[in-house]
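What follows is one structure encoded as structure tokens, with my remarks underneath.
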Amino acid sequence: MRPLWRCRACGAPWPCQPARLTLLVEYRGQRTALLVYLGALMVEAGDQFSQLTDHARPAELHERFLGWARARSAGRPGDRLRVSGTEPACRDRPRAEDQESAAISRPDPATRDGAGATMFHVNPEPGAEIHHTDPFAVPTGQRSPARRLRGRLAAPVTLWTAPAPAGLTVSSTLVAEGEPDRLLGLIDPEADLWAAIEEAGRFAVTPLGPPHRQLADRFAGLFPSPGGLFATGSWTDTRYGPVPADAGSWAGCRLDTAREYGWALLVEATIETVEIVTDTPPLLHHRGRYHQLP
């Protein structure tokens, strides 16, 4: 909404969180193009703000429009992939998944109404509203068929952590029995977690349960985490990384190799230890929503 540069749906300063996730999807693999686009909008917004307030362009505009979109790692993600010896091209982070299969529409239990509808971005400023549907969702006809298919595959929600500490919600984890037992998963190559895993050479994987919905959203970047991701909740320190104190089970893994796979990074690891504390039901992700077994 020009010249105030606020979201028409929620009234938050644009780009708000849903807009950022959608832009990452739209410009997947084209980080430079995304920064050029956002830079042009920043200049336009600065000119309009200057006309409105008769002051210089706000200094915070750079962080608002460009800061969040910069790669969090130094250099290309592929520059760090020496574990596998590959040199993939720089790509965008895959976290902003399809509206039927991913983070952009994961609900938090505190923001669900009686009918179970997903509520999006909450802005406390006057005139704000809660989104019951994603105002930035890609039209159904324009969504990738593969991503729509992926959204129809129910997946267990896990938390990967490393000693830094760093963590990330992952819904693409697979365990392969053998001698030795192995674990595979697809993660964001630009996530802080990958840098921490590569540095430590090890990480922990914790299957999450229904009580961990908010924790899963927090480590997916969808829920506020003042003080840091590990500032709230109880954690058990392990040599593989922090583990939720109420975890029913977790595995300690040694990094073997990593390579780009589609838009993500395929991490392969050897399972070195498994702790089974109690039998808890899994938290599942299906078509953009959390589910639990009846």
Side-chain angles (χ1 to χ4, degrees), residues 1-53 55-81 86-99 102-105 120-121 123 134-139 142-144 147 166 168-169 186-196 198 219-222 224-225 229 258 260-265:
M1 181 172 60
R2 294 174 173 85
L4 298 178
W5 289 87
R6 288 183 174 273
C7 170
R8 291 182 182 277
C10 67
W14 192 95
C16 57
Q17 186 65 16
R20 294 178 179 185
L21 292 174
T22 302
L23 285 167
L24 288 175
V25 172
E26 183 178 352
Y27 284 88
R28 184 189 309 112
Q30 304 176 65
R31 182 61 63 105
T32 301
L34 173 59
L35 292 174
V36 171
Y37 171 69
L38 290 171
L41 293 180
M42 181 185 70
V43 172
E44 181 181 351
D47 290 338
Q48 293 182 1
F49 283 141
S50 295
Q51 295 172 8
L52 286 174
T53 62
H55 291 293
R57 299 174 182 178
E60 67 273 9
L61 280 184
H62 184 275
E63 184 63 26
R64 171 176 166 182
F65 280 84
L66 296 174
W68 66 272
R70 292 193 302 267
R72 285 177 286 177
S73 58
R76 300 181 308 158
D79 292 339
R80 299 198 306 270
L81 299 186
T86 59
E87 278 295 329
C90 180
R91 61 173 63 259
D92 187 25
R93 47 186 304 226
R95 162 110 32 190
E97 302 175 1
D98 177 271
Q99 276 66 36
I104 196 170
S105 56
F120 293 84
H121 186 86
N123 176 27
D134 181 4
F136 300 98
V138 177
Q142 298 178 20
R143 297 176 191 168
S144 162
R147 297 180 76 81
L168 184 68
T169 302
L186 294 173
I187 68 171
D188 176 357
E190 294 184 13
D192 294 337
L193 172 71
W194 167 237
E198 189 178 30
F219 279 84
L222 301 175
S225 54
L229 292 173
E260 69 168 353
Y261 205 79
W263 298 114
L265 188 68

Using every non-hydrogen atom in the two residues, find where A196 and A166 come nearest and quote the distance to one decimal. CB-CB, 3.7 Å
R31 side chain to A69 main-chain N or O, any donor-acceptor pair under 3.5 Å? yes
Grab the two heavy atoms, one from W14 and one from R64, that are nearest each other, plus how far apart they are. O-NE, 2.8 Å
Can L24 and L34 be said to form a side chain to side chain contact (heavy atoms under 4.5 Å, CB included), step by step? CA-CA 8 Å; L24 288 175; L34 173 59; 4.0 Å; yes
Spacing of CG belonging to L61 relative to CG belonging to L38, to within rounding of 0.5 Å: 12.0 Å
Search all heavy atoms of I187 against all heavy atoms of A264 and return the closest pair with its distance. O-CB, 3.6 Å
If you measure from CG on L193 to CZ on F219, what distance do you get to the nearest 0.5 Å? 10.0 Å
Please report the closest heavy-atom contact between Y261 and L186, naming both atoms and the distance. CB-CD2, 4.1 Å
Does the side chain of D192 come within less than 4.5 Å of L229's, by heavy atoms? no
Does the side chain of L23 reach to within under 4.5 Å of the side chain of R20, using non-hydrogen atoms? no
For the residue pair D188 and W194, what are the closest heavy atoms and their distance? O-CB, 4.0 Å
